[in-house]
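Whatever order the structure lists them in is the order used to number ligands and atoms, beginning at 1. Predicted, not measured: the structure shown is a model, and the values here were computed from it.
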Amino acid sequence: MTHGFDTLQIHAGARPDPATGARQTPIYQTTAYVFRDADHAAALFNLQEVGYIYSRLTNPTVAVLQERIATLEGGAGAVCCSSGHAAQIMALFPIMAPGRNVVVSTRLYGGSITQFSQTITRFGWSAKFVDTDDLDAVKAAIDDDTRAVFCESIANPGGYVSDIPALAKIADAAGLPLIVDNTSATPYLCNPIAMGATLVVHSMTKYLTGNGTVTGGVVVDSGNFDWSASDKFPSLSEPEPAYHGLKFHETFGPLAFTFHGIAIGLRDLGMTLNPQAAHYTLMGIETLSLRMERHCTNAQTVAEWLEGHDAVAKVTYAGLASSPYFDRAKELFPKGTGGLFTIALKGGYDACVKFVESLEIFSHVANLGDTRSLVIHPASTTHRQLSEDQQVAAGAGPDVVRISIGIEDVKDLIADLEQAFEKASA
Ligand SMILES: *Cc1c(COP(=O)(O)O)cnc(C)c1O
């Protein structure tokens with residue numbers, strides 16, 4: 001029996017606790033698990049039997065969350081980790097090596113641009129940034145050392161909508177996985193795997209948890225990619241020296257990437273999600289569809305109001321007919337385009353700073369996807385590390401304010417924005 005999204009967001013992966021009958025998933029606050037005997041311990045360490053050894057690798061509360069997200073995304077398996085940025089490293093780790101590159105969209109979360117342009121070079125990896133709307137440029141950027149293509153479904157913060165089916169086709173023709181950061185859209189609005197993506201990553205910190213309480217990330221594997229079709233992915237297709245010569249793809253088939261993520265990634269990189277954080281995220285996901293519907297309708301109302309306002313030069317919401325992504329968004333995201341967008345203010349940098357400081361309901365924070373409405377001026381904060389060219393390319397120029405619309409009463413949000421515009425122009 002296949003269940004609908006609203007049922008799965010509450011039930012997938014969970015069952016009454018076998019020890020106590022507890023209906024809600026318990027927080028298994030434990031580091032280690034008692035082995036039945038020495039043979040049981042050996043079988044677990046050899047991956048001949050699946051079970052719990054040590055919470056850096058696996059934990060029953062985290063396992064419920066992994067199964068729930070894998071189900072909602074339509075994947076074969078998922079590995080949770082300590083943040084969205086950890087998830088991005090965990091997604092690349094099994095497929096990259098020194099000298100290899102990943103082709104990435106110029107339109108990414110500011111922190112991801114820094115991670116890909118600076119930090120991964122310490123591992124001998126590199127990123128080639130391309131405008132992913134230019135499909136020929138994407139094809140041209142792929143070379144013999146490329147190991148993946150990476151984009152965001154709805155790019156933070158500019159409201160760009162990636163043509164996931166077209167990018168998946170290009171990656172597929174080159175024998176490469178497409179990795180999609182689905183943070184801003186969530187599996188409620190977008191299923192990248194159904195559009196041909198191989199891997200999906202999330203910052204669970206945002207809409208999945210939904211109320212600004214914890215950081216977390218996840219890598220979901222479609223299970224559809226043939227890691228053995230070429231010699232490009234030896235860590236998955238060849239004997240893995242960091243796991244006594246185990247061949248992950250041959251042994252685990254569609255779960256190869258997930259098992260590698262636990263047995264090598266979490267074991268040796270240690271970017272583990274703790275069970276308390278998993279609990280908060282499980283609580284958030286139970287109401288994901290309800291929150292996303294309200295985020296979308298509130299954002300649509302506020303974006304339309306802002307577009308008609310004198311102080312505003314531009315609104316980038318993909319749900320507006322004026323957006324160049326309006327048609328693509330309607331086709332790929334029929335349920336809505338999320339709660340995140342940017343506005344450009346006619347008054348430039350100074351007006352942005354005054355506007356942000358004058359808001360009362362909206363909080364000025366470096367976060368998004370909260371039940372609360374949030375606002376930030378990227379050029380003076382999250383995108384500060386970038387050059388002005390990089391800021392503009394990422395949709396975060398000096399005159400741009402990013403808005404994350406919450407689920408409050410929309411008339412109160414509009415009144416707050418109006419009083420802040422008045423103060424900013426006084
Ligand atoms: C926040 C965010 C990240 C990073 O996630 P953290 O949980 O903060 O590490 C990555 N991608 C997108 C789109 C984000 O919004």
[Y] backbone acceptor or donor facing [X] side chain under 3.5 Å:
X      : Y      : result
Arg147 : Val102 : no
Asp409 : Lys411 : no
Asn191 : Ile193 : no

Check your understanding: Any side-chain donor paired with an acceptor under 3.5 Å for Asp131 and Tyr160?
Key ->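 There is no such pair (donor and acceptor under 3.5 Å, judged by atom type) between the side chains of Asp131 and Tyr160.
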Check your understanding: Looking only at side chains, do Glu307 and Tyr317 share a donor and an acceptor under 3.5 Å apart?
Key ->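 Looking only at side-chain atoms, Tyr317 and Glu307 do not form any donor-acceptor pair under 3.5 Å.
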Considering only heavy atoms, which of [options] lies nearest to [atom]?
atom                    : options                        : answer
atom 7 (O) of ligand 1  : Asn367, Leu368, Thr205, Val214 : Thr205
atom 5 (O) of ligand 1  : Ser203, Ser404, Ser82          : Ser203
atom 13 (C) of ligand 1 : Leu108, Asn182, Asp181         : Asp181
atom 6 (P) of ligand 1  : Ser112, Gly84, Gly217          : Gly84

Practice item. Could you list the atoms of ligand 1 found under 4.0 angstrom from a heavy atom of Gln88? Key: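 The list of qualifying atoms is 10 (C), 11 (N).
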Check your understanding: Quick one: nearest non-hydrogen protein atom to atom 15 (O) of ligand 1, plus distance?
Key ->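 Nearest neighbour among protein heavy atoms for atom 15 (O) of ligand 1, to 0.1 Å: Lys206 NZ, 2.7 Å.
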Practice item. Please write down residue, atom name and distance for the protein heavy atom closest to atom 9 (O) of ligand 1. Key: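 For atom 9 (O) of ligand 1, the nearest protein heavy atom comes out as His85 N, 2.9 Å.
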Practice item. Could you give me the CA-CA distance, side-chain angles and deciding distance for Tyr349 and His377, then say whether ring pair (Phe, Tyr, Trp, His ring centres under 6.0 Å) is met? Key: CA-CA 9 Å; Tyr349 190 99; His377 181 220; 4.8 Å; yes
Point to revise | Trace of the ring pair (Phe, Tyr, Trp, His ring centres under 6.0 Å) decision for Phe257 with Phe225 | key: CA-CA 9 Å; Phe257 198 92; Phe225 195 84; 9.4 Å; no
Review point. If you measure from each heavy atom of His202 to ligand 1, is any distance below 4.0 Å?
Key: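 Heavy atoms of His202 never come under 4.0 Å of ligand 1.
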Practice item. Return yes or no for this condition: an N or O of Glu152 is under 3.5 Å from an N or O of ligand 1. Key: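 Glu152 vs ligand 1: no N/O contact under 3.5 Å.
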Exercise for review: Just let me know how Thr183 lines up against ligand 1, side chain, backbone, both or neither, with a heavy-atom cut-off below 4.0 Å.
Suggested key: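 Side chain only; the backbone of Thr183 stays clear of ligand 1.
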